[in-house]
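Reviewing the structure listed below.
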Protein chains: 2
Amino acid sequence: MPKYEEIANILRDRIKRGVYPSDSLLPNQTDLVHEFSASRMTIKKAITILSMEGLVYSRRGSGTKVLKHTFWENETSPFNVYHGLSKDMKETNRALTSEVIHFSVMFPSKNIQEKLSIEEQHPVYKIIRLRILEDKPYVLEHTYMPTDLVPGLTDEILKHSIYDYLGELGVQFAGAFRNIRAAKSDQYDQKYLNCATDDPILEVEQVVYLENGRPIEYSRSRNRYDQRGYSLLDVKA
Amino acid sequence: MPKYEEIANILRDRIKRGVYPSDSLLPNQTDLVHEFSASRMTIKKAITILSMEGLVYSRRGSGTKVLKHTFWENETSPFNVYHGLSKDMKETNRALTSEVIHFSVMFPSKNIQEKLSIEEQHPVYKIIRLRILEDKPYVLEHTYMPTDLVPGLTDEILKHSIYDYLGELGVQFAGAFRNIRAAKSDQYDQKYLNCATDDPILEVEQVVYLENGRPIEYSRSRNRYDQRGYSLLDVKA
DNA sequence: TAGTGGTCTAGACCACTGG
DNA sequence: CAGTGGTCTAGACCACTAG
């Protein structure tokens, strides 16, 4: 682990423990340089991390202030790259199971071709899974993945975690692009998510990219409106 | 403007013009050091910006690759800090008007007190505005702001842009925290957004923070589900 | 093994804040 | 004015990738 991350971890810990209380100032960077035997560039990098997390705010001339973070301190997700629902839930110790509703191989439609940047002859998996959280229907996921990027996908894997399997394959992610919107529930949603005809759906459309820039997943997640939201933190650059 | 931003701008421009095509490699950092007469740390910082924007991806040992960015290249919003709807729309040359439905001063409820980190005796503005985009109802905004942070707010200002006014006051923002969810439309929504009883709503709940860490705005934006979505880009750190 | 990007340093100068 | 954080440099070492 890089030194700047270690320092960021220590400082974050002090903030959470109240060693540096809300509205107080962090020690100035030169002091931190001495404490951690690091260069100022390194200290600065550590503080930048905390600043991206919304924990502190630095201003030229006046110092680095610890912000009140009550609003998001008990958020589960650290707003970072997607590792699949299974991992999310493991971290919070909530039982997640999956029911495979559909699993096939097909040639991609125009839309899927565009989203996954592939040609018409390039086969893809089509997967529909119902994710069940603590015995209640949670999300209905429609997923498309190029077959060559995920060799050996089986029904058994789908019942557990695709992302665990991708981890075993040594796949590395670069990032994801998402669109979030509200939608009316369709018959599929009503049947599997067990929702009323006038219940809305929170749809998250997502393309996940690999390190080499190739899209590995295009999916639409249909979430029960009363079970799932999306949180995000925007920090001035 | 810092040197690393200037360099990032030049590189971004070259990528968008196709001087560095998709899937090709950027010149290595030492070459860029010579071209821009900068240190490697500065070049690295410039590349980090592009990487945060999802334009390139760097890997130790193999170089920095230009990614395909067709999926989000025509996105309007650069996913950064909120500057108000008015500014968003000015940039895309779309006519936005506002109808002030409610404007009053009140003492905050428990919920508002928490969200704005203020006491019960601390008065706030309560504002309800209907934003109309190109003659069609777009968003119904319920907004609360501490009165002392926004002195001299008038009906006239609300008809145009709060954020323009805050700019005049010299207010500086630090960031925002948002929750996004789907919801059923209520009578208010139906009346002002002109939507059907079974039309869903995309609700964005938001707290905007100042540089000094004080929340300046708590709002709930009720968006017509067929007119507005939310896009975001997640990049591996 | 050669070439790449990631990290780190020590020191410098500057812009800004606040008394 | 003194003290703060923001930027920048030149050079160094290391981790990783690929031929």
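Protein chains get the first letters and strands the later ones, always in sequence-line order, with residue 1 at the start of each.
Secondary structure note: stems in DNA chain D built from 3 or more consecutive Watson-Crick or G-U wobble pairs under 3.5 Å occupy C:1-18 with D:1-18.
Side-chain atoms of A:T48 come within 3.5 Å of backbone atoms of A:K44 as a donor-acceptor pair (strictly under, hydrogens ignored). Here the side chain of B:E211 pairs no donor or acceptor atom with the backbone of B:A174 at under 3.5 angstrom. Side-chain N or O atoms of A:R131 include none that pairs as donor or acceptor with a backbone N or O of A:T97 at under 3.5 Å.
Taking the six-membered ring wherever Trp is involved, the centroid distance between the rings of B:F173 and B:Y163 falls below 6.0 Å. For B:F103 and B:Y125, the ring centers sit closer than 6.0 Å to each other.
Of all nucleotides listed (D:dG6, C:dT9, C:dG6), C:dG6 comes nearest to the side chain of B:K44.
Atom CZ of B:F36 is separated from atom C1' of D:dT9 by 17 Å (rounded to the nearest Å). Look at CG on B:L26: it is 12 Å from P on C:dG6, rounded to the nearest Å. Straight-line distance from the CD atom of B:E5 to the C1' atom of C:dA15: 15 Å, rounded to whole Å. When the C1' atom of C:dG5 is taken as reference, atom CG of B:D31 falls 13 Å away, rounded to whole Å. As rounded to whole Å, 14 Å separates atom P of C:dG5 from atom OH of B:Y57. For A:I43 and C:dT7, the CD1 to P distance is 15 Å, given to the nearest whole Å. Between the C1' atom of C:dG18 and the CD atom of B:E211 lies a distance of 15 Å, rounded to the nearest Å.
Between A:T42 and the phosphate of C:dT9, there is a side-chain N or O to OP1/OP2 separation shorter than 4.0 Å. Contact annotation: B:Y4 reaches the phosphate of D:dT7 (side-chain N/O to OP1 or OP2, under 4.0 Å). A sub-4.0 Å separation between OP1 or OP2 of C:dC8 and a side-chain N or O of A:K45 is absent. For A:K3, a side-chain nitrogen or oxygen approaches OP1 or OP2 of C:dT9 to under 4.0 Å. The side chain of A:Q29 places no N or O atom within less than 4.0 Å of a non-bridging phosphate oxygen (OP1 or OP2) of D:dG3.
Checked against side-chain hydrogen bond (donor to acceptor under 3.5 Å, both in side chains), A:Y20 has the following partners two or more places apart in sequence or in another chain: A:R14. Partners of B:E6 according to the side-chain contact (heavy atoms from CB on, under 4.5 Å) rule, which considers only residues two or more places apart in sequence or in another chain, are B:M1. Residues that satisfy the side-chain hydrogen bond (donor to acceptor under 3.5 Å, both in side chains) test with B:R214, not counting sequence neighbours, are B:D148. Residues passing the side-chain hydrogen bond (donor to acceptor under 3.5 Å, both in side chains) test with A:D23, sequence neighbours excluded: A:K68.
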**Complete:** Heavy-atom contacts, protein to nucleotides 10-19 of chain D, under 4.0 Å, summarised as B (base), S (sugar-phosphate only) or - (none) per nt, yield B-B--BBB--
